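The structure presented is a predicted model; accordingly, all values stated were derived computationally and were not measured. What's counted below: heavy atoms across the whole structure, side chains too, no hydrogens, waters or symmetry copies.
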Amino acid sequence: MRTTAHQSESGFQGVCGIADFSIYIPEERVTLDRVAEMIRESGYSFSEEDLNRFRDAYRFHSVPIERERCLEEMIVEACAPLLSRLQQKQKRVDKLVFLRTSQLYWHDRNLFRKLIHDYGLQQTHVLSVSQHNCASFHLALRVCQNLFSSQPDLQGILLVAADKAFHPSLRRIPDSLLGDCASACYLERGCSEHQLLHVLNLVDPKADPDDVDWFNTTYYFAIRQMLLRLLKETDLQLEDIRLLIGGNVNQRTWERMAEMLNLPIERFYTQTIPEVGHLYGSDLLYNLMSAGRDGLIRRSDFYVTISIGLGGMYGCALHRC
């Protein structure tokens, strides 16, 4: 791997970085076979052919399911430890950015009411993004980056992602198995850890959310072009990137991307796909935490995060650990 630290220092020194994060994943794990049964019992199809593909090619084994806590309570579980640490360090939360990729339910309410009350966040401006489906994480990163760039007095943003399937049919999209999760990270101005250097958000103008075949045919090429554009704009090469951290769409996606980029599959972080499946908008934070725990990214390493949203939505970002 060639040394490129001077490029980051001269052209892409991040205005912010991820100073801390916290994740809540339900303890209960439900196997792929049981999820398929639940979907069938609710009146939707999940064929044996699909089941075998999800198990063998996509490498799904189980997903976390939350049966007791509502979405608001899941958010509290994810955010409370982080907010407590921030208060102890006297860190400001100037804005709260919430991203959600799953559908709304009729009894949804103010999901941050308890946190706002308990942590004195009544003056904190709350924004919400969801328009890029499961690529909304990178849309939220772009929003945060723009906020830091345009508001010099802004010190910290709490970025929260949370999703819970309220119906068994929502545990599957065509090629992914979905689990419940809530996550949060604190983006801080000038933070030298997990610096956010550059963000790209792309939408395929020809994509139709109802035309799954078009999406399945084209999205590998869209990811490849987006990644190559990110590298070109940051004056880096693939060999400069320690790890590519993608959403847990399925194993086959990242195997094909490795082939198209002539990279070993080990350069893509896929280790959590069997244990938790696709965590909607929380995949990337969970995988970042897991990759760090596994020692796959270290101080000063460049890494890239990649997300894919059904309907031709894509996002990626360059970070420096």
Side-chain angles (χ1 to χ4, degrees), residues 12-23 71 75 78-79 82-83 86 91-102 104 108 110-112 115-116 121 123-163 181-191 193-204 226-227 229-230 233-234 245-247 279-288 303-320:
F12 285 92
Q13 187 161 5
V15 67
C16 65
I18 301 175
D20 197 355
F21 50 86
S22 178
I23 296 168
L71 188 62
I75 290 172
C79 293
L82 176 54
L83 286 169
L86 294 176
K91 300 287 188 180
R92 281 170 31 194
V93 178
D94 299 308
K95 294 187 184 293
L96 192 157
V97 176
F98 176 53
L99 71 98
R100 182 179 186 177
T101 64
S102 58
L104 296 175
D108 281 341
N110 185 347
L111 298 173
F112 295 94
L115 286 172
I116 289 171
L121 302 177
Q123 302 304 314
T124 299
H125 185 203
V126 179
L127 303 89
S128 178
V129 296
S130 62
Q131 292 85 353
H132 283 196
N133 297 328
C134 289
S136 294
F137 181 83
H138 285 101
L139 180 61
L141 284 183
R142 170 63 66 84
V143 168
C144 293
Q145 188 181 57
N146 290 345
L147 287 170
F148 277 112
S149 297
S150 62
Q151 300 180 25
D153 293 335
L154 192 153
Q155 291 299 312
I157 297 175
L158 185 68
L159 174 57
V160 181
D163 291 277
C181 186
S183 61
C185 67
Y186 181 66
L187 290 159
E188 184 177 22
R189 179 181 296 278
C191 178
E193 298 180 19
H194 298 290
Q195 294 180 65
L196 177 61
L197 302 178
H198 195 44
V199 186
L200 279 181
N201 307 103
L202 299 179
V203 178
D204 183 351
M226 178 178 63
L227 178 58
R229 176 180 162 186
L230 179 77
E233 291 182 2
T234 55
I245 302 175
L279 299 175
Y280 296 94
S282 292
D283 279 347
L284 297 178
L285 283 179
Y286 182 71
N287 286 345
L288 177 58
Y303 65 91
V304 169
T305 53
I306 307 169
S307 61
I308 308 161
L310 192 64
M313 316 295 183
Y314 307 93
C316 67
L318 174 68
H319 311 256
R320 194 174 187 196

Q: List the residues meeting salt bridge (Lys or Arg N to Asp or Glu O under 4.0 Å) with Lys91, not counting sequence neighbours, and say none if there are none.
A: Glu188

Q: Looking at CD1 of Ile157 and SG of Cys144, how far apart are the two atoms once the value is rounded to the nearest 0.5 Å?
A: 4.0 Å

Q: Write down the atom of Gly281, the atom of Thr101, and the distance for their closest heavy-atom approach.
A: N-OG1, 3.8 Å

Q: Could you grab the distance from atom OG of Ser128 to atom CZ of Phe112, nearest 0.5 Å is fine?
A: 8.0 Å

Q: Hey, could you give me the CD1/CG distance between Ile116 and Leu111, rounded to the nearest 0.5 Å?
A: 10.0 Å

Q: Mind listing the closest non-hydrogen atom pair of Tyr280 and Cys134 along with its distance?
A: CA-SG, 4.2 Å

Q: Considering all heavy atoms of both residues, which atom of Tyr314 and which atom of Ile308 are nearest to each other, and what is their separation?
A: CE2-CG2, 4.0 Å

Q: Looking at residues at least two apart in the chain, or sitting in another chain, which of them share a side-chain hydrogen bond (donor to acceptor under 3.5 Å, both in side chains) with Asp20?
A: Arg85

Q: Counting distance only, does the side-chain N/O of Arg189 pair as donor-acceptor with the main-chain N or O of Phe148 below 3.5 Å?
A: yes

Q: If I compare all heavy atoms of Leu141 with all of Leu196, which pair ends up nearest, and what's the gap?
A: O-CD2, 3.9 Å

Q: If you apply the rule side-chain contact (heavy atoms from CB on, under 4.5 Å), what do you find for Phe137 with Leu159, and how did you get there?
A: CA-CA 9 Å; Phe137 181 83; Leu159 174 57; 4.0 Å; yes

Q: Determine the minimum heavy-atom distance between Ile245 and Leu284, stating which atoms define it.
A: O-CD2, 3.4 Å

Q: Suppose the criterion is side-chain hydrogen bond (donor to acceptor under 3.5 Å, both in side chains): which pairs have a residue in residues 142-161, not counting sequence neighbours?
A: none

Q: So Cys316 and Leu227, side-chain contact (heavy atoms from CB on, under 4.5 Å) or not? Walk me through it.
A: CA-CA 7 Å; Cys316 67; Leu227 178 58; 5.6 Å; no

Q: Going by ring pair (Phe, Tyr, Trp, His ring centres under 6.0 Å), name the residues that satisfy it together with Tyr286, two or more places apart in sequence or in a different chain.
A: none

Q: Can you tell me if Thr124 uses its side chain to pair, donor with acceptor, with the backbone of Leu96 under 3.5 Å?
A: no

Q: Write down the atom of Asn133, the atom of Gly309, and the distance for their closest heavy-atom approach.
A: CB-CA, 4.0 Å

Q: Determine whether a donor-acceptor pair (N or O, by modelled atom type, separation under 3.5 Å) exists between the side chain of Ser22 and the backbone of Ala78.
A: yes

Q: State the OG1-NE2 distance between Thr305 and His138, to the nearest 0.5 angstrom.
A: 3.0 Å

Q: Not counting sequence neighbours, which residues clear side chain to side chain contact (heavy atoms under 4.5 Å, CB included) with Ala135? List them please.
A: His132, Ser307, Met313

Q: CD1 of Ile306 to CG of Asn287: how many Å apart, nearest 0.5 Å?
A: 11.5 Å

Q: Residues two or more places apart in sequence or in another chain: which of them pass ring pair (Phe, Tyr, Trp, His ring centres under 6.0 Å) with His319?
A: Tyr303

Q: Do any N or O atoms from the side chain of Tyr186 and from the backbone of Leu83 form a donor-acceptor pair under 3.5 angstrom?
A: no

Q: Any chance you could measure Leu86, atom CG, to Leu158, atom CG, to the nearest 0.5 Å?
A: 7.0 Å

Q: Can Leu230 and Val304 be said to form a side-chain contact (heavy atoms from CB on, under 4.5 Å), step by step?
A: CA-CA 9 Å; Leu230 179 77; Val304 169; 4.0 Å; yes

